[in-house]
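Input: a single structure, listed below in structure tokens.
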Amino acid sequence: MSIALSVIVAETISRAAFPNWREYHNGRFIVRAVQPGFLPFLMGKPGFDGYFAHNSGDFRHRIRINEAGHRNDMPVTAADGRVWVVGDSFSFGWGHDRERIFSSLIERQTGLPTYNVASPGTDVCGYQALVARTRSAGAPSAVIVGLFAENDLQLYRCRQTDPAPHPPAEGIRLKLLLTEYSALYNIAAVRAKSSTYVLDLLYTLGVIAEPHRLLNKLSQNPLSAEVASTVDALAELHTIAGPQSKFAVALIPARFEVRDGHPVF
């Protein structure tokens with residue numbers, strides 16, 4: 001009882017002393033959605049306007065989501081005839097203000113009107129659902145897909161029906177719950193990640209995973225089944241967007257390609 005009371009007191013003090021603690025929870029602006037005929041996917045929370053910060057201290061920026069779940073100030077009806085930028089957290093602009101994300105840079109540097117159709121945590125199946133959802137408001141003049149080589153290359157089955165959900169591992173689930181509900185945990189995480197010595201100890205003990213690790217178990221063949229499946233999924237994405245629209249894929253290199261020269265990538 002003493003321990004429980006101490007935790008409650010510490011949590012109460014933490015919430016009062018650190019009022020922005022909720023900013024570290026990305027579930028505030030990302031929601032799970034369903035588009036008929038597609039797998040469930042992640043998208044922006046319609047109408048969200050607030051700040052998101054990384055508990056490593058890398059960034060804190062404002063995120064505004066329109067009524068359609070996109071990172072745009074303009075309504076989804078304005079997407080018709082624009083260049084759609086599609087992708088995951090890279091294209092969404094994770095860690096950056098609106099002025100520095102792909103769609104904003106393209107529009108500013110080329111003069112072409114753009115519209116951001118991207119969401120963190122998605123893959124090519126999610127891109128298909130996002131584009132299909134947006135197509136109800138119009139058609140793009142062109143589509144640019146930000147394809148992240150590190151985790152977008154995989155075997156796709158985008159038209160499965162009623163897929164069995166894969167709940168996160170217990171450790172990850174606990175971390176998500178603590179991030180969402182505990183100011184004390186968030187303060188501890190911020191302080192821990194600000195110390196190289198603490199991080200090294202946590203890595204050694206296996207409490208947290210090394211940040212630079214291969215996310216997918218890709219085969220060693222550069223022309224692997226994963227690549228072929230990804231190409232097929234992208235071709236289907238082009239069909240959903242409208243075969244008449246111009247279509248480009250911008251390959252975002254994996255950190256293992258840039259840092260390590262990994263032969264797969």
Side-chain angles (χ1 to χ4, degrees), residues 29-46 65-72 74-94 101-107 110 112-166 216 224-252:
F29 64 90
I30 301 174
V31 295
R32 188 175 176 88
V34 176
Q35 177 70 15
F38 295 87
L39 294 176
F41 62 100
L42 298 176
M43 59 175 278
K45 182 178 181 180
I65 307 294
N66 67 11
E67 84 293 344
H70 301 139
R71 197 178 184 188
N72 297 276
M74 66 191 78
V76 68
T77 52
D80 187 44
R82 290 175 175 263
V83 176
W84 292 5
V85 178
V86 183
D88 59 6
S89 54
F90 275 93
S91 301
F92 178 86
W94 189 269
I101 66 178
F102 288 170
S103 51
S104 298
L105 292 173
I106 292 169
E107 182 164 329
T110 67
L112 296 171
T114 62
Y115 190 82
N116 193 287
V117 187
S119 175
T122 51
D123 54 21
V124 180
C125 291
Y127 307 162
Q128 292 181 5
L130 284 165
V131 168
R133 184 185 183 94
T134 311
R135 281 286 275 124
S136 62
S141 62
V143 173
I144 300 175
V145 182
L147 192 78
F148 186 30
E150 189 170 319
N151 58 10
D152 275 342
L153 295 178
Q154 54 181 289
L155 296 174
Y156 284 103
R157 295 177 60 189
C158 295
R159 294 307 180 96
Q160 296 181 92
T161 57
D162 298 324
H166 297 285
N216 284 353
S224 63
E226 290 90 345
V227 174
S229 180
T230 303
V231 170
D232 289 342
L234 288 168
E236 177 65 18
L237 175 60
H238 189 189
T239 299
I240 295 168
Q244 74 283 355
S245 63
K246 297 177 180 179
F247 191 85
V249 177
L251 289 173
I252 302 168

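From a predicted model like this one, the values you see are computed outputs, not experimental measurements.
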How long is the gap from [atom1] on [X] to [atom2] on [Y], to the nearest 0.5 Å?
| X | Y | atom1 | atom2 | answer |
| --- | --- | --- | --- | --- |
| R32 | L42 | CZ | CG | 7.0 Å |
| F41 | C125 | CZ | SG | 12.0 Å |
| N151 | S89 | CG | OG | 7.5 Å |
| L130 | W84 | CG | CH2 | 10.5 Å |

Taking all non-hydrogen atoms of both residues into account, name the closest pair between [X] and [Y] and its distance.
| X | Y | result |
| --- | --- | --- |
| F90 | I252 | CB-CD1, 3.6 Å |
| Q35 | A129 | CG-O, 4.1 Å |
| G44 | I65 | C-CG2, 3.9 Å |
| R71 | I101 | NH1-CG2, 3.6 Å |
| S91 | N116 | O-ND2, 2.9 Å |
| A233 | V124 | CB-CG1, 3.5 Å |

Please check this pair: side chain of [X] against backbone of [Y], looking for a donor-acceptor N/O pair closer than 3.5 Å.
| X | Y | result |
| --- | --- | --- |
| H238 | S245 | yes |
| S229 | A225 | no |
| E107 | V83 | no |

Side chain to side chain donor-acceptor pair (under 3.5 Å) partners of residues 124-135, not counting sequence neighbours, each pair once: H70-T134, Y127-D152

Counting C-beta onward and ignoring hydrogens, is there a side-chain heavy-atom pair between [X] and [Y] closer than 4.5 Å?
| X | Y | value |
| --- | --- | --- |
| D123 | Y156 | yes |
| I30 | K45 | no |
| N72 | Y115 | yes |
| I106 | S103 | no |
| N66 | M74 | no |

List the atom pairs, with distances to 0.1 Å, where a side-chain N or O of residues 137-148 and a protein N or O form a donor-acceptor pair under 3.5 Å, not counting sequence neighbours.
| unit_1 | atom_1 | unit_2 | atom_2 | d |
| --- | --- | --- | --- | --- |
| S141 | OG | G81 | O | 3.3 |
| S141 | OG | R82 | O | 3.3 |

Parallel, tilted or perpendicular: which one describes the rings of F29 and F92, with boundaries at 30° and 60°?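 Aromatic pair F29/F92 classed parallel.
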
